[in-house]
Peer 1: 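Let me give you the structure first, and then I'll get to my questions.
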Amino acid sequence: MDPRTAPGGSERRLDEAYDTALLDLDGVVYTGPHAIEHAPESLKTARERGMRLAYVTNNALRTPDEVAAHLSELGVPAREEDVITSAQAVARLIADEVPEGARVLAIGGEGLRAALRERGLEPVESADDDPAAVVQGYGGPDQPWSRLAEAGYAVARGVPWYASNTDLTIPSPRGIAPGNGAAVEVVKIVTGAEPKVAGKPQPPMHRETILRTGAKRPLVVGDRLDTDIEGAHAGGVDSLLVLTGVSTPAALLAAVPEHRPTYVAADLRGLLTAQPGVERDGDAWRCGGWTARADGDALAVDGDGDALDGLRALCAAAWTAGGSRACGLDAGKALGRLGL
């Protein structure tokens with residue numbers, strides 16, 4: 001895939017141009033127990049217009065029916081079969097590599113155990129239960145240290161090690177909290193080993209999602225450049241970054257090619273609209289009422305209108321600056337001009 005040099009445009013609404021939205025959850029649809037502003041009504045409208053909604057999460061803590069119930073409580077249209085988790089992806093990966101009915105040391109929540117049982121595997125609790133594999137998934141903020149020790153004992157003995165995902169952080173109502181990747185790092189430090197990873201941006205998660213949804217023209221929607229957008233890039237599909245979670249406008253401007261989304265929106269209302277294109281204007285880039293350029297060691301933007309148009313123009317200016325220079329460009333003043 002050619003490196004993206006500017007956010008793309010779409011004359012059609014995104015819910016018309018794509019048949020299925022593959023939606024991340026944390027930071028996109030909700031944060032903890034609360035729906036993100038505009039998410040429920042935007043998703044309801046997209047579904048009423050004919051777009052299929054699939055909720056694709058790296059969080060392996062809860063079962064799909066629990067996730068669907070939570071979404072429904074928030075006013076988000078969801079059924080159990082609409083939810084695809086990294087627990088399901090890693091369970092399929094393990095089942096492909098160990099004997100049927102094998103024991104698997106499960107370090108995580110019920111979502112991980114349920115996914116293993118779905119694949120005919122037997123979750124166990126101890127490294128002394130003779131497991132054929134050990135798997136780590138997010139176990140919630142109260143997961144005891146002893147569970148990480150149990151994983152370490154098994155991995156140190158040479159038991160094959162898997163991880164649902166390696167997100168170092170997750171958004172929470174109080175701020176950014178440690179994710180499953182932080183727990184995986186603990187076991188890495190103790191054992192010196194590396195797990196096989198299933199979740200975004202790795203291929204097993206994309207495979208699981210396509211198998212379960214049957215999507216023909218999917219659009220990945222996420223808030224993280226290093227999982228959602230990179231996963232879309234690896235799968236060769238288009239993506240929409242929403243600025244309601246982890247990744248910031250500054251991070252977007254400094255994004256390496258595999259972290260550059262097709263589209264950018266403030267929130268999920270972006271699914272319901274066309275996306276303005278970015279056009280070259282001499283040594284500058286123009287989108288809507290804004291013009292942006294790389295000016296020496298800094299990015300500059302001038303104009304007025306929708307701040308997201310200005311950000312799209314800035315992305316083109318930064319992404320075409322080339323190599324490490326794009327990451328080193330000072331964007332502070334330009335983003336301040338846009339109120340971002």
Peer 1: What heavy-atom pair brings G137 and Q143 nearest, and what distance separates the two atoms?
Peer 2: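 Minimum heavy-atom contact is O-OE1, 4.0 Å.
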Peer 1: Within the structure provided, determine whether C315 and W285 are in side-chain contact (heavy-atom separation under 4.5 Å).
Peer 2: no
Peer 1: Counting distance only, does the side-chain N/O of T31 pair as donor-acceptor with the main-chain N or O of P173 below 3.5 Å?
Peer 2: no
Peer 1: Does a side-chain heavy-atom distance below 4.5 Å link W161 with V159?
Peer 2: no
Peer 1: Indicate the atoms forming the closest heavy-atom contact of V221 with A21, along with that distance.
Peer 2: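 Where V221 meets A21 most closely, the heavy atoms are CG2-CB, 4.4 Å.
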Peer 1: Please say yes or no: joined through hydrophobic side-chain contacts below 4.5 Å, possibly via intermediate residues, are Y30 and V220 part of one cluster?
Peer 2: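 In one cluster: no.
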Peer 1: Output, in order, the C-alpha distance, side-chain angles, deciding distance and verdict of salt bridge (Lys or Arg N to Asp or Glu O under 4.0 Å) for K216 and D19.
Peer 2: CA-CA 7 Å; K216 303 300 183 185; D19 68 345; over 6 Å; no
Peer 1: Which residues satisfy the side-chain contact (heavy atoms from CB on, under 4.5 Å) test with P144, sequence neighbours excluded?
Peer 2: S146, R147
Peer 1: State plainly whether one hydrophobic cluster holds both L338 and V242, where clusters connect Ile, Leu, Val, Met, Phe, Trp and Tyr through side-chain heavy atoms under 4.5 angstrom apart.
Peer 2: no
Peer 1: Going through the distances and angles, do E185 and K188 end up as a salt bridge (Lys or Arg N to Asp or Glu O under 4.0 Å)?
Peer 2: CA-CA 5 Å; E185 287 297 318; K188 281 186 184 182; 3.2 Å; yes
Peer 1: Is R49 salt-bridged to D15, going by a charged N under 4.0 Å from an acidic O?
Peer 2: yes
Peer 1: Are the side chain of E150 and the backbone of A127 linked by a donor-acceptor contact shorter than 3.5 Å?
Peer 2: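 Flag set: sc E150 to bb A127 pair under 3.5 Å.
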Peer 1: Is it the case that the side chain of R260 and the backbone of T262 share a donor-acceptor pair, with hydrogens and angles ignored and the cut-off at 3.5 Å?
Peer 2: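 A pair under 3.5 Å: no.
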Peer 1: Does any non-hydrogen side-chain atom of P7 lie less than 4.5 Å from one of V278?
Peer 2: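 SC-SC contact between V278 and P7 confirmed.
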Peer 1: Is there side-chain contact between N165 and K200, with at least one heavy-atom pair below 4.5 Å?
Peer 2: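 A side-chain contact is absent here, since even the closest heavy-atom pair is not under 4.5 Å.
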Peer 1: Distance-only, no hydrogens or angles: does the D223 side chain make a donor-acceptor pair with backbone N or O of T244 under 3.5 Å?
Peer 2: no
Peer 1: Report yes or no: does R224 contribute a side-chain atom to a donor-acceptor pair with the main-chain N or O of E230 at less than 3.5 Å?
Peer 2: no
Peer 1: Is it the case that the side chain of S239 and the backbone of I229 share a donor-acceptor pair, with hydrogens and angles ignored and the cut-off at 3.5 Å?
Peer 2: no
Peer 1: Check the angle between the aromatic planes of Y18 and Y263 and answer parallel, tilted or perpendicular using the 30° and 60° thresholds.
Peer 2: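 Taking Y263 first and then Y18, their aromatic rings stand perpendicular (interplane angle over 60°).
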Peer 1: R92 and salt bridge (Lys or Arg N to Asp or Glu O under 4.0 Å): which partner among E97, E118, E208?
Peer 2: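 Option passing the salt bridge (Lys or Arg N to Asp or Glu O under 4.0 Å) with R92: E208.
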Peer 1: Spell out, as yes or no, whether a donor-acceptor pair under 3.5 Å connects the side chain of T169 to the backbone of A177.
Peer 2: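 Not confirmed, T169 side chain does not pair with A177 backbone.
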Peer 1: Is the closest basic N to carboxylate O distance between D96 and R207 below 4.0 Å?
Peer 2: yes
Peer 1: Are V301 and L329 linked, directly or through other ILVMFWY residues, by side chains that come within less than 4.5 angstrom of each other?
Peer 2: yes
Peer 1: Looking at CG of L61 and CD of E110, how far apart are the two atoms once the value is rounded to the nearest 0.5 Å?
Peer 2: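 L61 CG to E110 CD: 10.0 Å, rounded to 0.5 Å.
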Peer 1: For L219 and L14, which heavy atoms make the closest approach, and how far apart are they?
Peer 2: CD2-CD1, 4.1 Å
Peer 1: Check whether any side-chain heavy atom of L271 lies under 4.5 Å from a side-chain heavy atom of L43, and answer yes or no.
Peer 2: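 Yes, at least one pair of side-chain atoms sits under 4.5 Å.
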Peer 1: Do L53 and L22 share a hydrophobic cluster (ILVMFWY, side-chain heavy atoms under 4.5 Å, transitive)?
Peer 2: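 No; L22 is not reachable from L53 via cluster members.
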Peer 1: To the nearest 0.5 Å, how far apart are CD1 in I170 and CG in L25?
Peer 2: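 The CG atom of L25 is 12.0 Å from CD1 of I170, to the nearest 0.5 Å.
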Peer 1: Quick one, M205 with I84, criterion side chain to side chain contact (heavy atoms under 4.5 Å, CB included). Give me CA distance, side-chain angles, the key distance, then yes/no.
Peer 2: CA-CA 9 Å; M205 190 69 185; I84 301 96; 4.3 Å; yes
Peer 1: Could you walk me through whether D302 and R337 satisfy the salt bridge (Lys or Arg N to Asp or Glu O under 4.0 Å) test, starting with their C-alpha distance in whole Å, then the side-chain angles of each, then the deciding distance to 0.1 Å, before giving a yes or no?
Peer 2: CA-CA 8 Å; D302 187 54; R337 174 80 171 79; 3.8 Å; yes
Peer 1: Judged by atom type as modelled, is there a donor-acceptor pair below 3.5 Å linking the side chain of R269 to the main-chain atoms of H38?
Peer 2: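 Checked: no pair found.
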Peer 1: Atom OG1 in T20, atom CZ in R52: separation rounded to 0.5 Å?
Peer 2: 6.0 Å
Peer 1: Rounded to the nearest 0.5 Å, what separates atom OG in S172 from atom NE2 in H34?
Peer 2: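 Result: 10.5 Å between the selected atoms.
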Peer 1: Does any N or O in the side chain of N58 come within less than 3.5 Å of the main-chain N or O of G199, such that one atom is a donor and the other an acceptor?
Peer 2: no
Peer 1: Between N180 and Y138, is there a donor-acceptor pair closer than 3.5 Å when you use the side chain of the first and the backbone of the second?
Peer 2: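 Yes, the answer is positive, given that a donor and an acceptor are paired below the 3.5 Å cut-off.
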Peer 1: Out of L314, L340, V264, which one pairs with L252 under the side-chain contact (heavy atoms from CB on, under 4.5 Å) rule?
Peer 2: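 The passing option is V264.
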Peer 1: Looking at every non-hydrogen atom in both residues, tell me the closest pair between A154 and V134 and how far apart they are.
Peer 2: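 Where A154 meets V134 most closely, the heavy atoms are CB-CB, 4.4 Å.
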Peer 1: Is R157 salt-bridged to D128, cutoff N-O under 4.0 Å?
Peer 2: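 Looking at R157 and D128, the cut-off is met.
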